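Positions are given from 1 along the sequence. Values below: every heavy atom of this structure, side chains too, minus hydrogens, waters and symmetry copies. Here the structure is a predicted model, which is why all the values come from computation and not from measurement.
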Amino acid sequence: MRAGWARRLVFGVTLLASATVTVPVATRTMPAIANADEQSGLDRFYHQTPAWQPCNDQLLDQAGAQCANVQVPLDYSRPDGRTINLAISRIAATDPDHRRGILLTNPGGPGASGLHYTAMVQPTMSPQVRAEYDLIGMDPRGIGRSDKVNCALPVPTMLFSAGFDVFGYARDTALAAALATGCIAPDADKARYDTTRNTARDMDVIRGIFGERKLNYYGASYGTYLGAVYTQMFPDRSDRMVLDSAIDPDRYWIGMYQDMGPINEYALDDWAAWAAKHDADYHFGATAADVRAFIEDMIRKAAGHPIFDDMYLVDEHTVPMMLLTLLANPQQNANLATVVRMISDGVSGGPLDMETLKRKITIASPLETGGMASVICGDKAAPRDPAWYYPNIEAARATQPVFGAFANNITACAFWPDPVEPPTEVRNAVPSLILATIHDTRTAYQEGVALHGDLTGSRLVTLADTRIHGAFRKDLSPCVNDAVNTYLADGTLPASDITCEPDPGFFPQ
């Protein structure tokens with residue numbers, strides 16, 4: 001197929017999708033706000049008194065948490081304008097006499113609710129850390145209970161694989177255009193101001209509400225980018241910062257996704273070796289190569305036998321994403337095998353329990369499409385030309401047959417309005433502890449190394465030879481956990497960068 005003809009096809013479908021709704025949005029540059037509570041008009045946000053009450057969340061209620069809503073400006077350059085609600089949670093320090101402050105947390109995404117993340121990470125924290133800190137969770141703006149961004153097109157994700165040819169790519173281009181329109185049209189201002197820089201400002205408001213001079217923070221995955229941006233915007237307010245599974249700010253977000261292609265091909269081979277040892281249970285093949293061939297054949301079958309159920313699609317565009325979701329933790333090996341068997345039977349013409357499939361995928365990666373799209377697209381502009389992406393997809397296919405068409409694919413960001421302010425360049429000497437895993441499936445190891453170079457006051461803890469996303473986990477690596485808990489408890493960073501080994505008992509046999 002000639003490239004010019006393919007390009008015209010993509011353009012035609014794109015224009016058709018884009019023509020459904022036109023959203024006139026003026027682009028305005030927002031001034032940088034550093035010491036925000038010293039700016040005129042923001043005092044009332046920094047000096048709120050939260051009305052604490054039960055969270056009505058099983059996990060949080062069992063942890064003894066309380067929840068509240070606080071107000072923040074939608075646009076910090078217009079503090080007298082529209083406001084939005086932020087939902088926050090608090091698990092109080094166990095020793096009030098020795099309390100040293102708050103520890104704000106973020107689970108990543110973007111698009112993930114963080115309200116109950118404190119209850120999830122709490123078991124990995126030492127008794128001393130629990131004694132010293134109020135653990136604070138937050139649904140970031142536009143997500144969960146914090147005035148979430150609702151898109152008119154209710155697809156379960158904004159991320160797809162481009163399929164096998166230019167026709168599949170044209171479908172994704174049209175869907176990306178329609179999704180952008182569907183997220184912007186209902187409330188353009190809410191979607192456009194749902195950005196990392198504004199969430200960092202929200203974090204500083206929370207610091208002020210608790211009367212703290214500085215903020216302590218634990219962020220994972222995208223939460224490392226959010227934390228790094230906070231250190232750049234509020235260096236004098238940053239205290240003990242832990243950034244787990246770190247992102248390179250210079251590669252956020254297109255480069256970050258491109259980096260996911262090779263590492264998830266490795267992850268698939270790693271899982272395939274495990275599945276081959278369990279061929280008697282799953283019948284995917286007796287060797288890792290046989291299992292990979294089974295997976296690639298299953299994706300081809302999904303292209304010829306797509307299954308659709310209430311905006312949830314099983315085809316060549318979505319199956320790679322389901323695999324990617326469950327490859328992030330080896331403890332999900334058996335769950336991934338069950339999902340593969342379900343998909344394989346379904347695309348081969350057998351029955352498929354879609355509700356069970358959706359539940360298994362969503363529990364592993366509960367991200368909200370509107371929140372994810374608005375943050376990523378609002379943070380940094382993407383190339384507008386659909387023809388920019390397709391050569392990258394084609395170039396990746398030889399070495400990334402399963403994930404290359406995802407890692408280089410077009411998204412709604414190609415059709416999003418221009419960001420309201422430039423992205424943050426992170427370069428500072430704020431002390432921090434950075435965790436990076438050699439075989440991380442979401443944030444490539446070299447990204448953590450790059451962030452370590454940007455934050456010159458940081459120390460890097462490397463988790464060796466582990467296919468996992470998120471290094472600070474109960475029972476994964478005592479070495480990693482000791483480094484984090486020591487830093488949070490007494491402020492001591494390792495004397496130099498260190499490498500930790502995982503506990504072999506963490507991994508399924």
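Closest of all the heavy-atom pairs between R240 and A489 is NH1-O, 3.3 Å. When all heavy atoms of S113 and I143 are compared, the closest pair comes out as N-CG2, 3.8 Å. Across all their heavy atoms, I254 and P383 have their closest contact at CD1-CD, 3.3 Å. Closest of all the heavy-atom pairs between A396 and N408 is CB-ND2, 3.5 Å. Taking every heavy atom of both residues into account, A471 and S245 meet most closely at N-OG, 4.0 Å. G448 and L460 make their closest contact through O-CD1, 4.2 Å (heavy atoms, listed as atom of the first residue, atom of the second, distance).
Looking at T399 and P262, their side chains never come closer than 4.5 Å, going by heavy atoms from C-beta outward. Counting heavy atoms from C-beta outward, R442 and N264 have side chains that approach closer than 4.5 Å. Looking at heavy atoms from C-beta onward, D248 lies out of side-chain contact with L451 at the 4.5 angstrom threshold. At least one side-chain heavy atom of V155 sits under 4.5 Å from a side-chain heavy atom of L179. Side-chain atoms of H452 and T462, non-hydrogen and from C-beta on, never get closer than 4.5 Å to each other. Here the side chains of V375 and T199 are not in contact, with every heavy-atom distance at 4.5 Å or above. With a 4.5 Å cut-off on side-chain heavy atoms, V426 and L455 count as touching. Put simply, the side chain of D202 does not reach to within 4.5 Å of the side chain of P140, judged on heavy atoms.
The backbone N or O of I102 lies less than 3.5 Å from a partner atom in the side chain of N216, making a donor-acceptor pair. In terms of modelled atom types and a separation under 3.5 Å, the side chain of Y217 and the main chain of T231 share no donor-acceptor contact. Formation of a donor-acceptor pair under 3.5 Å by the D139 side chain with backbone atoms of A87 is not found in this model. Checking side-chain atoms of T443 against main-chain N and O of S221 turns up no donor-acceptor pair under 3.5 Å. R237 contributes no side-chain N or O that, together with a main-chain N or O of L215, makes up a donor-acceptor pair within less than 3.5 Å. Under the 3.5 Å distance criterion, the side-chain polar atoms of N485 are matched with a main-chain donor or acceptor of T124. Within the 3.5 Å criterion, the main-chain N or O of A93 finds a donor-acceptor partner in the side chain of D134. A donor-acceptor contact shorter than 3.5 Å links the side chain of Y487 to the backbone of M241. Side chain of R459 to backbone of L493: no donor-acceptor contact under 3.5 angstrom is found. Remark: side-chain polar atoms of T105 are paired, donor with acceptor, to backbone N or O of I136 under 3.5 angstrom.
Distance check, rounded to the nearest 0.5 Å: CD of Q62 to SG of C55 gives 12.0 Å. Interatomic distance, CZ of R130 versus CG of L103, reported as 9.5 Å (0.5 Å rounding). For the atom pair CZ (F472) and CE (M125), the distance works out to 5.5 Å, reported to the nearest 0.5 Å. To the nearest 0.5 angstrom, T441 atom OG1 is 12.0 Å from L323 atom CG. Annotation: the span from D57 atom CG to L115 atom CG amounts to 6.5 Å, rounded to 0.5 Å. To the nearest 0.5 Å, the span separating CE on M203 from CE on M233 amounts to 10.0 Å.
Between W253 and Y257, the ring planes are perpendicular. Angles over 60° get that label, and only those under 30° would be called parallel. Ring orientation note: the planes of W52 and F210 are tilted relative to one another, at an angle of 30° to 60°.
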*Going through the distances and angles, do N335 and Q332 end up as a side chain to side chain donor-acceptor pair (under 3.5 Å)?*
CA-CA 5 Å; N335 192 32; Q332 292 286 336; 2.8 Å; yes

_side chain to side chain contact (heavy atoms under 4.5 Å, CB included) between V420 and R197, worked out_ = CA-CA 10 Å; V420 295; R197 286 179 62 84; over 6 Å; no

*Going through the checks in order, is the side chain to side chain donor-acceptor pair (under 3.5 Å) test met by Q232 and T424?*
CA-CA 8 Å; Q232 191 67 33; T424 305; over 6 Å; no

*Could you go through the side chain to side chain contact (heavy atoms under 4.5 Å, CB included) check for T196 and Y252 one step at a time?*
CA-CA 11 Å; T196 295; Y252 173 85; 3.9 Å; yes

*Test L476 against L463 for side chain to side chain contact (heavy atoms under 4.5 Å, CB included), laying out the working first.*
CA-CA 10 Å; L476 173 57; L463 179 61; 3.7 Å; yes

_For a side chain to side chain donor-acceptor pair (under 3.5 Å) check, start with the C-alpha distance between Y117 and N106, then their side-chain angles and the critical distance, and finish with the verdict._
CA-CA 7 Å; Y117 189 53; N106 182 278; over 6 Å; no

*Give the intermediate values and the outcome of salt bridge (Lys or Arg N to Asp or Glu O under 4.0 Å) for residues E265 and R292.*
CA-CA 10 Å; E265 296 291 344; R292 174 176 270 275; 2.8 Å; yes

*Decide side chain to side chain donor-acceptor pair (under 3.5 Å) for Y76 and N198; before the verdict, give the C-alpha distance in whole Å, the side-chain angles of both, and the deciding distance to 0.1 Å.*
CA-CA 8 Å; Y76 274 83; N198 278 330; over 6 Å; no

*Using the salt bridge (Lys or Arg N to Asp or Glu O under 4.0 Å) rule, take D239 and R207 through it: C-alpha gap first, then chi angles, then the decisive distance, then the call.*
CA-CA 11 Å; D239 197 358; R207 174 198 60 77; over 6 Å; no

*Walk me through it: do T411 and W416 pass the test side chain to side chain contact (heavy atoms under 4.5 Å, CB included)?*
CA-CA 9 Å; T411 70; W416 206 264; over 6 Å; no

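Using a 4.0 Å cut-off between a side-chain N of Lys or Arg and a carboxylate O of Asp or Glu, K190 and D147 do not qualify as a salt bridge. Salt bridge present: R427 and D250 bring a charged side-chain N and a carboxylate O closer than 4.0 Å.
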